[in-house]
Amino acid sequence: MSTREDVRNVAIIAHVDHGKTTIVDSMLKVAGEWTVKDDEVQDTVLDSDPIERERGITILAKCTSIKYKDHTINIVDTPGHADFGSEVERVLKMVDSAILMVDAAEGPMPQTRFVLRKALELGLNPIVVINKMDKPQANASKAIDDIFELFMKLGATDRQLDFPIFYASGREGWASTKIDAKGTDVSPLLDGIIKYVPAPEADKDKHLQMQITMIDYNNFLGRVGIGRILNGSIKKGQTVLLVNKDGSTQAKAVKIEKFLGLTKVEVEEAWAGDIVSISGLEGLKVGDTICELEHPLPLEPLAIDEPTISMDFLVNDSPFAGREGKFLTSRHLKARLEKEAQTNVGLKVEELEGEGRFKVSGRGELHLTVLIENMRREGFELAVSSPEVIFKEVDGKMCEPMEYLILDIDSDFQGVVFELIGKRSAQLENMVSEGKDHLRLEYVIPSRALIGFKNEFLTATKGTGIMHHSFYGYLPKADISSLRGNGVFIAMAPGKTTAYALHNLEDGGEMFVGPGEEVYEGMIVGQNSRERDLVVNPCKPKKLTNMRSKAADEALTLTPHRVMSLEQSVEYIAPDELVEITPTSLRLRKKILNALDRKRTARNERYEEAQLEERLED
C-alpha cells in the first residue's frame with residue numbers, strides 16, 4: 001500500500017480543560033500560521049463560538065493544518081466534554097494517531113478514559129503529552145503511572161503500551177522530551193508527530209473514496225462535508241456519487257478547500273491522504289461515501305452513539321409570550337430544530353402530537369442546553385420540560401444509561417457527600433486519599449441521578465468540591481426515589497411582586513424572584529421548605545391604615561433571591577413543570593397554570609391509576 005510521506009493526520013484528545021486548544025495555539029505560532037490581529041482574542045483561537053469562550057470548553061471538533069519541515073500536519077481539535085463524545089469517535093476515524101493530553105496535576109479523568117478507549121479500539125498508537133507542567137502541584141511521574149495503568153485496564157496492545165511521552169506547558173508554549181528540562185517552544189512535539197505518527201495510507205491512482213466525518217453549513221453553498229480522502233482524487237466541479245445505506249445520489253463538488261492555519265484555502269484538486277471540506281453536495285449526511293459515478297465503492301457506515309437523554313421543546317404559551325423574542329411560532333421552532341439536526345448528528349428531533357411539540361434527544365444535559373442557549377441568543381422564545389433518560393432493553397432486562405463519576409473533596413465533607421450520593425443508587429468503584437485533607441471518590445451512577453446533583457454537591461462542599469463524569473454504558477435500571485424533596489411556591493394571580501409579600505413568604509422557604517418583578521398565575525416564585533407545593537400571593541400589598549405604630553414603617557430587609565442559570569433551571573424542575581426561555585429571561589412555571597385545573601388533572605390521574613390496578617388484579 002502506498003503512503004503520503006509529506007502528510008501527517010493527528011487528533012488531539014483529552015478530558016475537558018486539559019489544554020488541547022491551548023497547545024494548538026503554540027503549534028500555530030511555531031509554524032508561522034498565527035494570523036490573529038492585536039485587537040482579536042489571543043488564546044484558544046479555535047474556540048471561536050461565543051459559548052465556547054464563555055464556558056472555556058471545546059464544543060465542536062475543528063480542523064487546522066500547519067506546514068512544518070516540508071510536511072503538512074493536519075490537526076483536529078476535539079471536544080473534551082462527554083456529551084460531545086460522538087464527535088471524538090468520528091474524528092478518530094480520519095486520523096492515523098492521536099495525541100492524548102493529560103493534566104500533570106489531575107492525571108487521567110473520566111473523559112480521558114472515554115476518548116482513550118475509542119482510540120485504542122480503532123488500533124491507533126497514541127502519543128502521550130503531560131501538559132500543564134508549569135503548575136506548582138504538577139506530579140508528572142504519578143500521572144504517567146496512572147496513564148500506564150489506564151492503558152492496561154483498557155486492554156492496550158504491547159505496541160500501544162510503548163507510547164512516546166512529551167512534557168509540555170501549552171500556556172507557556174513549550175514542550176520537551178525530558179521530565180526535568182523545560183523546552184523553548186513546541187518544536188519537539190511537532191518533530192515527535194512527524195516521527196511517531198504513521199504516514200497515511202493513500203493511493204491517488206485508485207478510484208475515489210472519501211467518507212464524510214463532520215458537517216458544517218454555509219448560507220450560500222449549503223451543506224459542507226469534511227473528511228479525509230482515502231483513495232483517488234477529486235476536482236473542483238466534478239460530479240460525484242454520494243453513497244449510503246439508503247442508496248445513492250449524484251452531486252457536484254462546487255468548492256474544495258484545504259485547511260491552513262486559521263483559514264481555508266480553495267484548491268482545484270485534492271488527493272488521497274488530504275483532509276478537505278467540500279461544498280455544494282446537496283443531501284449530504286455524516287457517514288456518506290463520496291465516489292466516482294462509474295465506480296461506487298461505499299465504505300462501512302460510521303457508528304454514531306445513540307442519545308441517552310431527551311427533553312420536550314414546546315412553543316411558549318405563557319401569558320408573557322411574545323414580549324421579548326422574535327421567533328415564537330411552531331413553524332420557527334420546527335425549522336430551527338431541523339436545521340440543527342442536519343449538522344449536529346448526535347441530536348434526534350421527533351415531532352409529537354399537538355401543535356408546537358417536539359421531542360429532542362441528545363447525548364447529555366449539556367448537549368441540549370447548549371442548543372437551547374444558542375436558540376435563545378438568536379431570539380427564540382420556547383418552553384422546555386425536565387430531562388428524561390432514555391431506557392432500552394438489553395438481554396430482556398430494562399437498562400438505563402450510567403455515568404462514571406469522579407468527586408474531589410476535602411475530607412471534612414466526606415460524611416455529607418456519602419449521604420448525598422447514597423440515595424442516588426451509586427456504586428463506589430474506588431476511593432483514594434490524596435494527602436491528609438483530600439479524597440478522590442469514583443462511582444458508577446445512573447445518569448438520571450446526576451440531574452440536579454451538581455448544585456447540591458457544591459452546596460454540601462461549600463463550593464470546594466470538583467466533579468467530572470462521562471458516559472459509562474447501559475446497566476440494569478436502578479431504584480431511585482424522587483430526588484427533589486421540596487415543593488414550590490406558585491403564584492396565584494398575575495401582578496407585580498411586593499417586598500411586603502416576599503418578606504412574609506421568606507419564612508417558609510427560598511424565593512426565586514425579587515420585589516417589583518412581574519409574575520403570572522402558575523409561575524414558580526420560590527421553593528417551599530416543606531414537601532408539598534403551595535399556591536401563594538407574592539403580589540399582596542400592605543394595607544393602608546390611619547393607625548400609626550413605632551415599628552410599622554420600618555424598612556423591610558429581604559434575603560437575596562436565588563438566580564438560576566439555564567442548566568440549573570432545567571435540572572431543578574419536576575416532570576409537571578417547564579422552563580420558559582426568552583432572549584432576556586428564564587422563568588419556571590407549571591405545565592398547567594390554573595390551580596383548579598391542576599387539582600382536577602391530578603385527581604383524574606389518580607383515578608386512572610386506581611382503575612388500572614383493579615384491572616391488573618382481576
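Interatomic distance, Leu371 CG to His367 NE2, rounded to the nearest 0.5 Å: 7.5 Å. With rounding to the nearest 0.5 Å, the separation of CG in Asp408 from CD in Glu442 is 9.0 Å. Here the CD-CG distance, from Glu338 to Leu347, works out to 12.0 Å after rounding to the nearest 0.5 Å. The CD atom of Glu365 lies 10.0 Å from the NZ atom of Lys454; values are rounded to the nearest 0.5 Å. Here the CZ-CD1 distance, from Arg377 to Ile372, works out to 13.0 Å after rounding to the nearest 0.5 Å. Distance check, rounded to the nearest 0.5 Å: CE of Met133 to CG of Asn131 gives 9.5 Å.
Within a 6.0 Å radius of CD in Glu300, other residues, nucleotides and ligands contribute 12 heavy atoms or fewer. Crowding of Glu419 atom CD: a count of heavy atoms from other residues, nucleotides or ligands under 6.0 Å not exceeding 12. Within a 6.0 Å sphere centred on CZ of Arg530, heavy atoms belonging to other residues, nucleotides or ligands number 12 at most. More than 12 heavy atoms of other shown residues, nucleotides or ligands fall within 6.0 angstrom of atom CE in Met398. Crowding of Lys135 atom NZ: a count of heavy atoms from other residues, nucleotides or ligands under 6.0 Å exceeding 12.
Within the 4.5 Å cutoff, side-chain heavy atoms of Pro401 are placed close to those of Tyr474. Taking the side chain as every heavy atom from C-beta outward, Glu577 and Val488 approach each other to under 4.5 Å. At least one side-chain heavy atom of Cys63 sits under 4.5 Å from a side-chain heavy atom of Met94. In this structure, Met101 and Ile12 have side chains that are in contact, with non-hydrogen atoms separated by less than 4.5 Å. Looking at heavy atoms from C-beta onward, Glu400 lies in side-chain contact with Phe391 at the 4.5 angstrom threshold. Side chains of Ile490 and Leu534 form no contact here, defined as non-hydrogen atoms less than 4.5 Å apart. Taking the side chain as every heavy atom from C-beta outward, Pro538 and Leu505 approach each other to under 4.5 Å. For the pair Val102/Val129, no side-chain contact is recorded, criterion being any heavy-atom separation below 4.5 Å from C-beta on.
Here Glu340 pairs with Arg336 in a salt bridge; the nearest charged N to carboxylate O distance falls below 4.0 Å. For the pair Arg600 and Asp597, the salt-bridge criterion is met [side-chain N within less than 4.0 Å of a carboxylate O]. Under 4.0 Å is where a charged nitrogen must lie from a carboxylate oxygen, and between Lys359 and Asp312 no such pair does. In summary, Lys591 and Asp317 do not engage in a salt bridge, as defined by a charged side-chain N under 4.0 Å from a carboxylate O. Between Glu373 and Arg376 there is a salt bridge, since a side-chain N of the basic residue sits under 4.0 Å from a carboxylate O of the acidic one. Checked for salt-bridge contact, Glu456 and Arg424 meet the test: a charged N lies under 4.0 Å from a carboxylate O.
Side chain of Asp410 to main chain of Asp412: no donor-acceptor pair is present (N/O by atom type, distance under 3.5 Å, no hydrogens or angles). A donor-acceptor pair under 3.5 Å is formed between the side chain of Arg598 and the backbone N or O of Ile592. In this structure, the side chain of Arg589 does not engage the main chain of Gly522 through any donor-acceptor pair within 3.5 Å. In this structure, the side chain of Glu571 does not engage the main chain of Gln568 through any donor-acceptor pair within 3.5 Å. A donor-acceptor contact shorter than 3.5 Å is absent between the side chain of Ser585 and the backbone of Thr582. With hydrogens and angles disregarded, no donor-acceptor distance shorter than 3.5 Å links the side chain of Ser385 to the backbone of Leu578. No donor-acceptor distance shorter than 3.5 angstrom exists from the side chain of Gln527 to the backbone of Gly487, with no hydrogens or angles considered. Within the 3.5 Å criterion, the main-chain N or O of Asp479 finds a donor-acceptor partner in the side chain of Ser425. Side-chain atoms of Glu608 never come within 3.5 Å of backbone atoms of Glu605 as a donor-acceptor pair (strictly under, hydrogens ignored).
Using modelled atom types and a 3.5 Å distance limit, the side chains of Glu403 and Tyr443 yield no donor-acceptor pair. At a cut-off of 3.5 Å, with distance as the only test, a side-chain donor of Ser318 or Glu580 sits close to an acceptor on the other residue. There is no side-chain donor-acceptor pair under 3.5 Å between Glu388 and Ser310.
Taking both residues in full, the closest heavy atoms of Ile573 and Val384 are given as CD1-O, 3.9 Å, listed atom of the first, atom of the second, then distance. In plain terms, the two heavy atoms of Leu428 and Asn430 that are nearest each other are CD1-O, 3.5 Å. Nearest heavy-atom pair, Leu566 versus Leu586, reported as atom, atom and distance to 0.1 Å: N-CD1, 3.6 Å. For the pair Gly356 and Leu333, the tightest heavy-atom approach, listed with the atom from each and the gap, is O-CD2, 4.5 Å. Contact detail for Ala14 and Val115: the closest heavy-atom pair is N-CG2, 4.1 Å. Closest of all the heavy-atom pairs between Asn125 and Gln160 is OD1-CG, 3.2 Å.
Aromatic ring pairs are classed by plane angle as parallel below 30°, tilted from 30° to 60° and perpendicular above 60°; the pair Phe163 and Phe148 is tilted.
For the side-chain contact (heavy atoms from CB on, under 4.5 Å) test with Leu405, the passing option among Leu441, Val444, Ile421 is Ile421; the others fail.
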Original post:
Met402 and Ile445: side-chain contact (heavy atoms from CB on, under 4.5 Å), yes or no, with the steps?
Top reply: CA-CA 6 Å; Met402 296 283 180; Ile445 184 170; 5.9 Å; no
**OP:** Check the pair Thr464, Ile409 against side-chain contact (heavy atoms from CB on, under 4.5 Å), reporting the backbone distance first and the verdict last.
**Re:** CA-CA 7 Å; Thr464 61; Ile409 61 170; over 6 Å; no
Original post:
For Val315 and Leu382, what are the C-alpha separation, side-chain angles and deciding distance, and is it a side-chain contact (heavy atoms from CB on, under 4.5 Å)?
Top reply: CA-CA 5 Å; Val315 169; Leu382 68 153; over 6 Å; no
**OP:** Kindly indicate, with the supporting measurements, whether the criterion side-chain contact (heavy atoms from CB on, under 4.5 Å) is fulfilled by Asp576 and Lys590.
**Re:** CA-CA 6 Å; Asp576 66 332; Lys590 288 291 183 180; 3.0 Å; yes
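Between Phe413 and Phe418, the gap from one ring centroid to the other reaches at least 6.0 Å.
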